[in-house]
Amino acid sequence: MASSPYAQQQPGAPGGAAGIPPPPSPAGSMSDPTSYANYPPPSSASPSQPLPTATPTLKVMRLQAPQLGQPNAGSLGPACLLGPSCTLPDTFGVIHIGETFTAYLGVLNADADLPIRSLTVTAQLQTPSRRWPLPCGLEGGSSSSDRDGAAGGTSTDDDDPMGPLDVQPGTGVDSIVSRPLEEVGQHILRVEVAYGSGPTSRTLRKFYRFNVSSPLHIRELTVRAGDDRCYVSIAVENASSAGAGTGGGGLTISAADFHPPVGLVAERVGGGVGGGFGIVAADGSDHTDCTKTMSAVSLYETSGRLEPGESYRYLFLVRAASEDAALRGIACGDELGKAVFAWRKAMGETGRIASASVRCPPAQPPGLVSEDGTTSVVAASSKFVVHRSGLSVDAAAAAANRMARDQAPSQQQGGASLDKILPVTVEPIDPPSHLELGKPVEIKLLVVNHSSEPMRLQLQMRLAQMSGVVVCGLSFKNLGEVSPSGGSSVVDVRVVALVTGLFYVQGCSVVDLTTGREVAQPPLFNVFVERRDGNRLEQ
């Protein structure tokens, strides 16, 4: 172990202090037992003659779980290749986001005579976005020999440093640092060791680069299920590499939660008991019923065991948590929350990963906006229906945003907003899902004015645009003047089914009697028509 050379003080040299013994003989010499360890404290030495110091040796190791022993070559016998013994990792290994990076820092004094004087150690973890300091307790405190009482020192808590350390010959100090990994990409562990004082002060820096990858690929799909609720489907795929020594292999999803913002509550659909598979509120409280028991097979099926390349899909229902939140609804672009998954590796390593923020998708049907962006057009072949689409909520939110932009001209944006394309929306109120052939049924429709001006409206059900289910009776109704900015009116319309099958109730338009503008509406809802013949039901 090499140590840095130091300038030996010659007798009678300028700046020498009286009473200071001569420097020691070379290592191994028996002629002069005098050692620098017998020097007086720094306070009694001349400032121009700083005490020499040994060169520290820095050791940095990552602390990780061992792996099951496995021979390098195959076997012709029936014995399993995977042995019961554990082996220490021979590489830095693969580190995944969500894990806690833990490293061992050790500073050794391999010199037989000189101590390491004024030792300080600082550690930082540099991520792709910033640097994080890693407190190690070696910024000050006592050495390991002092803590053990071998050098006659006093035990000192590492969390309460008392200045630079002096490490005696043949001893050392060590510490463990850790930091949860929250970013994907290259990370750098930066360790800096400073020792000595004055002209003999030195700095030793070492950098350790490692890459952090994601063990899971998360994909989400959101479907609106009404004005105040959405279904969020989360697909989780094990993206780690298979094989021993790669840090990959199978993962077990130990918990799957969805954390909604304030005002919403999330519930897993079809989830098992335990592990966060239940109802989660915005404050993180879990309302899962854990009193039920499960068989071993059911528990394994719901544990979320994923081998490399396998995927599992979770379904969550995010809905309004109160009547006020339900009255406002969930509009396009509103944050629904994040899916959070906790996983475990084969040797018990744990990790935690969150998806990107999930937002409510738009309810705008295909073909609603024309090429010039000013006229509403309804595509007859579209599968979109107004019922449970949140179209009225999106139009109301677009109107509120437009009014806010009008108050701040510098933030105006180009393009037609949804409330300009659909200043009036028509939404069915609890429409039936089944109709009996030839039996008229009354349906309630909610007409909402999203514009900033009052409008004299007329609702029209146009027979030429209807198929299978047609209007029965009066095909138009005058609504009078409807107030602006959310004013509404409820109207009853009678329809009758003429053919069995699955049909769209469509052909609805709203006419502004003042300006003559016609606002065509998308299909209102779909309905299944049945034929009832006595006790027999035919489709």
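We count residues from 1, following the sequence as given. What you are looking at is a predicted structure, and each value in this text was computed from that prediction instead of being measured.
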> Closest approach of Gly487 and Val482, non-hydrogen atoms and distance?
Replying inline: O-CG1, 3.4 Å
> Should Arg352 and Glu99 count as an ion pair when the cut-off is N to O under 4.0 Å?
Replying inline: no
> Does Arg62 reach the side chain of Phe101, with side-chain heavy atoms less than 4.5 Å apart?
Replying inline: yes
> Under the side-chain hydrogen bond (donor to acceptor under 3.5 Å, both in side chains) criterion, do Glu530 and Thr500 qualify, and how do the steps go?
Replying inline: CA-CA 5 Å; Glu530 304 168 322; Thr500 59; over 6 Å; no
> So Ser233 and Arg313, side-chain hydrogen bond (donor to acceptor under 3.5 Å, both in side chains) or not? Walk me through it.
Replying inline: CA-CA 7 Å; Ser233 176; Arg313 187 172 292 274; 2.7 Å; yes
>> Do Ser485 and His450 pair up side chain to side chain, a donor and an acceptor below 3.5 Å, judged on atom types alone?
In response: no
> Roughly how far apart are Glu267 CD and Leu315 CG, rounded to 0.5 Å?
Replying inline: 10.0 Å
> In chain order, what residues pass the salt bridge (charged side-chain N to carboxylate O under 4.0 Å, His left out) check against Arg131, with sequence neighbours excluded?
Replying inline: none
> Under the salt bridge (charged side-chain N to carboxylate O under 4.0 Å, His left out) criterion, do Arg456 and Asp512 qualify, and how do the steps go?
Replying inline: CA-CA 6 Å; Arg456 293 177 58 247; Asp512 185 0; over 6 Å; no
>> If you compare all heavy atoms of Leu105 against all heavy atoms of Ala123, which two are closest, and at what distance to 0.1 Å?
In response: CD1-CB, 3.9 Å
> Could you give the distance from CZ (Phe341) to CD1 (Ile253), rounded to the nearest 0.5 Å?
Replying inline: 7.0 Å
> Does the Glu427 side chain pair with the main chain of Gly390, one donor and one acceptor, at a distance under 3.5 Å?
Replying inline: no
> Nearest 0.5 Å, what's the CZ-CG distance between Arg229 and Leu317?
Replying inline: 6.0 Å
>> Nearest 0.5 angstrom please: Asn478 CG to Leu459 CG, how far?
In response: 10.0 Å
> Is a salt bridge present between Arg319 and Asp227, judged by a nitrogen-to-oxygen distance below 4.0 Å?
Replying inline: no
>> Can you confirm whether Ile330 sits close enough to Val393 that some side-chain heavy atom of one is under 4.5 Å from a side-chain heavy atom of the other?
In response: no
> Between atom CD1 of Ile218 and atom CD of Glu220, what is the distance when rounded to the nearest 0.5 Å?
Replying inline: 8.0 Å
> Excluding sequence neighbours, so at least two apart, what forms salt bridge (charged side-chain N to carboxylate O under 4.0 Å, His left out) with Lys439?
Replying inline: none
> Is the backbone of Ser254 close enough, under 3.5 Å, to the side chain of Thr252 for a donor and an acceptor to pair up by distance?
Replying inline: no
> Can you list the steps and then say if Gln460 with Ser509 is a side-chain hydrogen bond (donor to acceptor under 3.5 Å, both in side chains)?
Replying inline: CA-CA 5 Å; Gln460 298 180 359; Ser509 296; 5.7 Å; no
> Where the side chain of Asn401 meets the backbone of Ala397, is there a donor-acceptor pair that is under 3.5 Å apart?
Replying inline: yes
>> Just checking Tyr314 against Tyr312, ring centres under 6.0 Å apart?
In response: yes
> To the nearest 0.5 Å, how far apart are CG in Leu125 and OG in Ser178?
Replying inline: 10.5 Å
> If we only count heavy atoms from C-beta on, is the Ile176 to Leu63 side-chain gap below 4.5 Å?
Replying inline: yes
Got a list of side-chain donor-acceptor pairs under 3.5 Å for residues 184-191, not counting sequence neighbours?
unit_1 : atom_1 : unit_2 : atom_2 : d
His187 : ND1    : Gly185 : O      : 3.0
Arg190 : NH1    : Gln126 : OE1    : 3.0

> Side chains of Asp324 and Ser322: is there a donor and an acceptor less than 3.5 Å apart?
Replying inline: no
> Taking atom CZ of Arg388 as the centre, does the number of heavy atoms from other residues, nucleotides or ligands within less than 6.0 Å exceed 12?
Replying inline: no
>> Within the structure provided, determine whether His96 and Lys345 are in side-chain contact (heavy-atom separation under 4.5 Å).
In response: yes
> Run the salt bridge (charged side-chain N to carboxylate O under 4.0 Å, His left out) check on Asp334 and Arg328 step by step: do they pass?
Replying inline: CA-CA 12 Å; Asp334 288 353; Arg328 177 193 177 277; 3.1 Å; yes
>> Salt bridge or not between Glu192 and Lys206? Use side-chain N to carboxylate O under 4.0 Å.
In response: no
>> Between Val441 and Val496, is the side chain to side chain contact (heavy atoms under 4.5 Å, CB included) condition met? List the steps.
In response: CA-CA 6 Å; Val441 175; Val496 62; over 6 Å; no
> With a 4.5 Å limit on heavy-atom distance, are the side chains of Leu251 and Arg344 in contact?
Replying inline: no
>> Is there a side-chain contact between Val495 and Cys472 in this structure, where contact means two heavy atoms from C-beta onward sitting under 4.5 Å apart?
In response: no
>> Tell me if a side-chain donor or acceptor on Asn449 pairs with a main-chain N or O of Ser483 at a distance below 3.5 Å.
In response: yes
>> On a heavy-atom basis, which atom in Gly250 and which in Pro308 lie closest, and how many Å separate them?
In response: N-CD, 4.0 Å
> Counting distance only, does the side-chain N/O of Ser355 pair as donor-acceptor with the main-chain N or O of Ala339 below 3.5 Å?
Replying inline: yes
> Which atom names give the shortest non-hydrogen contact between Ser392 and Val448, and what distance separates them?
Replying inline: OG-CG2, 4.1 Å
> Can you name the closest pair of heavy atoms from Phe525 and Pro432 and give their distance?
Replying inline: CE1-O, 3.9 Å
> How far apart are the C-alpha atoms of Val426 and Leu446, what are their side-chain angles, what is the distance that settles it, and do they pass the side chain to side chain contact (heavy atoms under 4.5 Å, CB included) test?
Replying inline: CA-CA 6 Å; Val426 179; Leu446 176 65; over 6 Å; no
> Do NZ/NE/NH1/NH2 and the carboxylate oxygens of Asp492 and Lys444 come within less than 4.0 Å?
Replying inline: yes
>> Ring centres under 6.0 Å, that's the criterion: do Phe528 and Phe503 meet it?
In response: no
> Do Thr222 and Val358 come close enough that some side-chain heavy atom pair is under 4.5 Å?
Replying inline: yes
>> According to side chain to side chain contact (heavy atoms under 4.5 Å, CB included), who are the partners of Cys332, at least two apart in sequence or on a separate chain?
In response: Arg224, Pro362, Asp394
> Got more than 12 heavy atoms from elsewhere within 6.0 Å of OH, Tyr104?
Replying inline: yes
> With a 4.0 Å cut-off, would you call Arg462 and Glu518 a salt bridge?
Replying inline: yes
> Considering residues at least two apart in sequence or located in another chain, which fulfil the salt bridge (charged side-chain N to carboxylate O under 4.0 Å, His left out) criterion with Glu442?
Replying inline: Arg494
> If every non-hydrogen atom of Ala497 is compared with every non-hydrogen atom of Leu437, which pair is closest and at what distance?
Replying inline: O-CD1, 3.5 Å
> Could you give all pairs that pass the salt bridge (charged side-chain N to carboxylate O under 4.0 Å, His left out) test and reach residues 477-487, with sequence neighbours left out?
Replying inline: none
> Side-chain contact, heavy-atom cut-off 4.5 Å: Ile95 with Leu181?
Replying inline: yes
>> I'd like to know whether Glu310 forms a side-chain hydrogen bond (donor to acceptor under 3.5 Å, both in side chains) with Asn238, so could you lay out the CA-CA distance, the side-chain angles of the two residues, the decisive distance to 0.1 Å, and finally the verdict.
In response: CA-CA 6 Å; Glu310 295 182 348; Asn238 184 357; over 6 Å; no
